[in-house]
Amino acid sequence: MDNLKEDLKNQIIEQLNLEDITPADIADDVLLFDDGGLGLDSIDALELIVLLEKYHGIQVINPEEGKVAFKSINTMAEYIRNRKVE
Amino acid sequence: MSLITTYCHLSSDHCSVNGEIVVTREKDAADSWFKQIYKEQEIVYPKFYKMDALSQAGFLASELIKRANQGLTDKYKDDEIAMLFANQSSSADTDLRFVHSYELNGAPSPSLFVYTLPNIVLGEIAIRNKWFGENMFAVLPKFAPGFFVDYGQILLTTGAKAVLIGWLGILGDNVEVFVALVESESEGGMDFNSENLLKLADLSHA
Amino acid sequence: MTYIGAEVIISPLGRTTAENWAAMHANRSGISLVKQAGFDDTDLYLSKMLDLVSEFKFEKLISDALAAVAENIDPAILTSDKTIVLVSSTKGELDKNITDQFGKSIDALVTAFGLANRPVVLPNACISGVLAINAASNLINAKIYDHAIVIGCDLISDFVVYGFQSLFAISDKPCAPFDALRNGITMGEGCGAVVVSETKGIFKNGAFRLLSGTSANDANHISGPSRTGEGLFRSVKKTLETNHVAPDEIDFICAHGTATVFNDEMESIAFDRIGLNDVPLSSLKGYFGHTLGAAGVIETAASMQMMQHGILLKSLGYQESGTSKKLNVVADNMTSHPKTILKTASGFGGGNASLIIRSL
């Protein structure tokens, strides 16, 4: 099990106050912003930027960057790993 | 003559429609009081979970009024139902949470900030029902039936055929909510005047 | 029928309406770079009243505005029981009392001026000002009051600045409404006032006809503009129709124009749908920043000044068209005597409001 991905799921649930959703409900490749997936919206995307700074010390200056990074748990984890290497 | 046709109360432990209690709060429940109402009344609208308490209160009351007044949404065109809400403390309940986010929790929360305006609840109800009509929110020192009657009548003579009026007292644990539907063309109901409104609202602070 | 006049503007551009007009006419902006104004002490462009020193700024501004109004009308109006004061503000004195953001200032206003009726506060996000002026007109047409004084006021606070920062909505340069390179709002603070009355004679310096406007909700999103401009389209259409005004009778549009990419685009779509593309249009946010609940009142007051002086002010910050639908954005001050002008506003909660002012 990938700890970063599990942490991310917990952090997303916490940060976005997602009721009735557990980490197990969020598959690594589910589309976070798709209505068929987690159904997040543009304000949630901004909340994910807060999350990255709060839990991972990563600052996102341009919200457009988030659009690509926040597609799924997989892409978020990849984004965090890349930014940490910088 | 305009008539009050349906109304809903939310207090800190009861939810009633037309004076009949429909949900009583379970003190030990894990869910928040508004979430209890949402679940018990089997309302399905996932956006509810994202709303702040003020919007949840207005949303729940409007949903319950629609249920008690079947066919309401088909009876009127999409811009014929106006909304006129008021309270004493504006969006202070969420304002306090937003301040908490940047003073104690590291960063200003965008999802809280978007609820730090009292008229957001009007937007939530408009979105839910696709109502494009007139909206107004006022902050008043206390429930003022005259304000609702005066401005409600204005809305009913300038294009609206129904007005959802509401007092949304939400601050911390204090819940004092009264929402009523006023219709200009209706068979039954109580005359829309200050006396009836004050009596029906029955708000302890007023 | 209602009249509107006695306009007052207090802003970083000046403490009197005359000072504000002189600055606007010279295309001066109230916007400056304020050090460490943002979250994490970032520097931000703001239209801030840097010389406003007062323990109770909100109370001071609305009192100053009402005192200035009093000089421009029959003084008996102020204390008449047929007069109502409407206060258009989103956050009032939030910094002083978060759970009662208006109460103390309103009490002070009642006492200081001997108001017969307690003012009503109308916090409806960015459409508050236009909505309040429309409410004033409606209350007079319904014969509930004879006169209404509308005061719009909002302050820059950490609360609103941090909030708009969290939405990535603040421009990194002074805002540039409708421009191709616009990238967000510049926050502003200030106070405006107008008087609406059934009687033309109460105004010492002339008045205009106010054609009561309307509002419409987008029913689309609580914080994002509608992509089709539906609510603004409906509000303007309704305002034109109820007043029997044809689109080609509009001589000038004082738009909302916040300078976010999506808002200005939405406005262009709505105006295009109504056929107002060729009407000279300005946003005044380049002068005052976005003053939130005060914006509709300050900008209506500024529009009335334009009508009085026969000059259409350029849309400060605009250089190159940046909306998908063509608009006739005023690129330089123009001598013109507009007979009929349209003022619009759109805001959070999906609200849109509009009104029309006509010269007598």
Side-chain angles (χ1 to χ4, degrees), chain B residues 47 50-51 55 78-79 82-83 86 88-93 95-96 98-99 101-103 107-141 144 146-147 150-151 153-155 157-159 171-172, chain C residues 39-40 86-87 89-92 94 97-103 106-107 118 120-128 131-132 135 138-139 141-142 144 158-168 212 214-223 230-231 234-235 238 242 347-351 353:
Chain B
K47 274 188 194 164
K50 296 194 167 183
M51 297 178 193
S55 286
D78 63 7
D79 62 352
M83 288 187 270
Q88 188 268 331
S89 53
S90 185
S91 53
D93 190 71
D95 294 353
L96 287 162
F98 177 65
V99 170
S101 77
Y102 64 79
E103 284 190 347
S109 159
S111 59
L112 284 173
F113 181 65
V114 294
Y115 283 99
T116 61
L117 292 160
N119 63 305
I120 297 299
V121 57
L122 301 168
E124 290 286 13
I125 299 172
I127 292 166
R128 160 66 161 179
N129 298 294
K130 288 283 157 208
W131 287 347
F132 297 89
E134 292 268 347
N135 300 165
M136 190 161 90
F137 199 102
V139 168
L140 307 168
F147 168 80
D150 286 347
Y151 213 81
Q153 285 296 0
I154 285 172
L155 292 167
T157 50
T158 53
L171 186 58
Chain C
F39 189 69
D40 282 344
L86 301 176
V87 176
S89 176
T90 63
K91 292 274 129 236
L94 166 125
N97 187 346
I98 197 164
T99 56
D100 184 5
Q101 298 168 14
F102 308 100
I106 297 293
D107 288 343
R118 191 182 163 85
V120 172
V121 185
L122 298 173
N124 291 265
C126 311
I127 72 164
S128 303
L131 194 70
N138 287 335
L139 287 164
N141 284 329
I144 294 163
D158 289 350
F159 187 103
V160 290
V161 168
Y162 296 174
F164 280 101
Q165 279 186 295
S166 80
L167 299 179
F168 288 86
S212 281
T214 62
S215 77
N217 199 291
D218 282 327
N220 173 62
H221 196 279
I222 59 163
S223 58
E230 186 65 19
R234 284 182 184 237
S235 166
K238 213 161 38 162
T242 55
F348 279 4

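Proteins come first, then strands; the chains are lettered A, B, ... in the order of their sequence lines, and each starts at number 1.
A heavy-atom distance below 4.5 Å is found between the side chains of C:I144 and B:I154.
Pairing each heavy atom of C:I98 with each of B:L96, the nearest pair is CG2-CD2, 3.3 Å. Across all their heavy atoms, C:R234 and B:D79 have their closest contact at NH1-CB, 4.0 Å. Closest of all the heavy-atom pairs between B:S109 and C:S166 is C-OG, 4.1 Å. Nearest heavy-atom pair across B:V99 and C:F159 is CG2-CD1, 3.6 Å. The minimum heavy-atom distance between C:G349 and B:N119, with the atom names listed, is CA-ND2, 4.1 Å. A pairwise comparison of heavy atoms in C:P123 and B:F137 identifies CD-O, 3.4 Å as the closest pair.
Note on B:T116, B:L155, B:L140, B:D93: by heavy-atom pairs under 4.5 Å with chain C, the leading option is B:T116. Comparing B:P141, B:A107, B:A82 by heavy-atom pairs within less than 4.5 Å of chain C, the highest count is held by B:P141. Looking only at heavy-atom pairs under 4.5 Å with chain B, the residue among C:G103, C:A132, C:A135 that has the most is C:A135. Comparing C:V160, C:L167, C:I222, C:L122 by heavy-atom pairs within less than 4.5 Å of chain B, the highest count is held by C:I222. For chain B, the option among C:A125, C:G350, C:G231, C:S235 with the highest count of heavy-atom pairs below 4.5 Å is C:A125. When the candidates B:M136, B:Q153, B:E124 are compared by the number of heavy-atom contacts under 4.5 Å with chain C, B:M136 comes out ahead.
Neither the backbone nor the side chain of C:Q165 comes within contact range of chain B; no heavy atoms are under 4.5 Å apart. Residue C:N141: no heavy atom, backbone or side chain, is found under 4.5 Å from chain B. Heavy-atom distances place the side chain of C:L94, and not its backbone, under 4.5 Å from chain B. Proximity to chain B involves both the backbone and the side chain of C:T214, based on heavy atoms less than 4.5 angstrom apart. Contact of B:S90 with chain C is made through the side chain alone, with heavy-atom distances under 4.5 Å. Residue B:F98 touches chain C through its side chain alone, counting heavy-atom pairs closer than 4.5 Å.
How far NZ of B:K130 is from CG of C:D218: 9.0 Å, rounded to the nearest 0.5 Å. Atoms CG and SG, on B:L117 and C:C126 in that order, are 7.5 Å from each other to the nearest 0.5 Å. Distance CG/C:D40 to OH/B:Y102: 13.5 Å, rounded to 0.5 Å.
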- Can you list the steps and then say if B:L122 with C:N124 is a side chain to side chain contact (heavy atoms under 4.5 Å, CB included)? CA-CA 10 Å; B:L122 301 168; C:N124 291 265; 4.3 Å; yes
Between C:D100 and B:Q88, is a side chain to side chain contact (heavy atoms under 4.5 Å, CB included) present by the stated rule, with each step listed?
CA-CA 8 Å; C:D100 184 5; B:Q88 188 268 331; 3.9 Å; yes
Original post:
Does the side chain to side chain contact (heavy atoms under 4.5 Å, CB included) test come out yes or no for C:Q101 and B:D95, once each step is laid out?
Top reply: CA-CA 11 Å; C:Q101 298 168 14; B:D95 294 353; 2.6 Å; yes
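Each of C:F164, C:F39, C:Y162 was scored for a ring-ring contact (aromatic ring centres under 6.0 Å, His included) with B:F113, with one residue passing: C:F164.
Checking side-chain atoms of B:N135 against main-chain N and O of C:S215 turns up no donor-acceptor pair under 3.5 Å.
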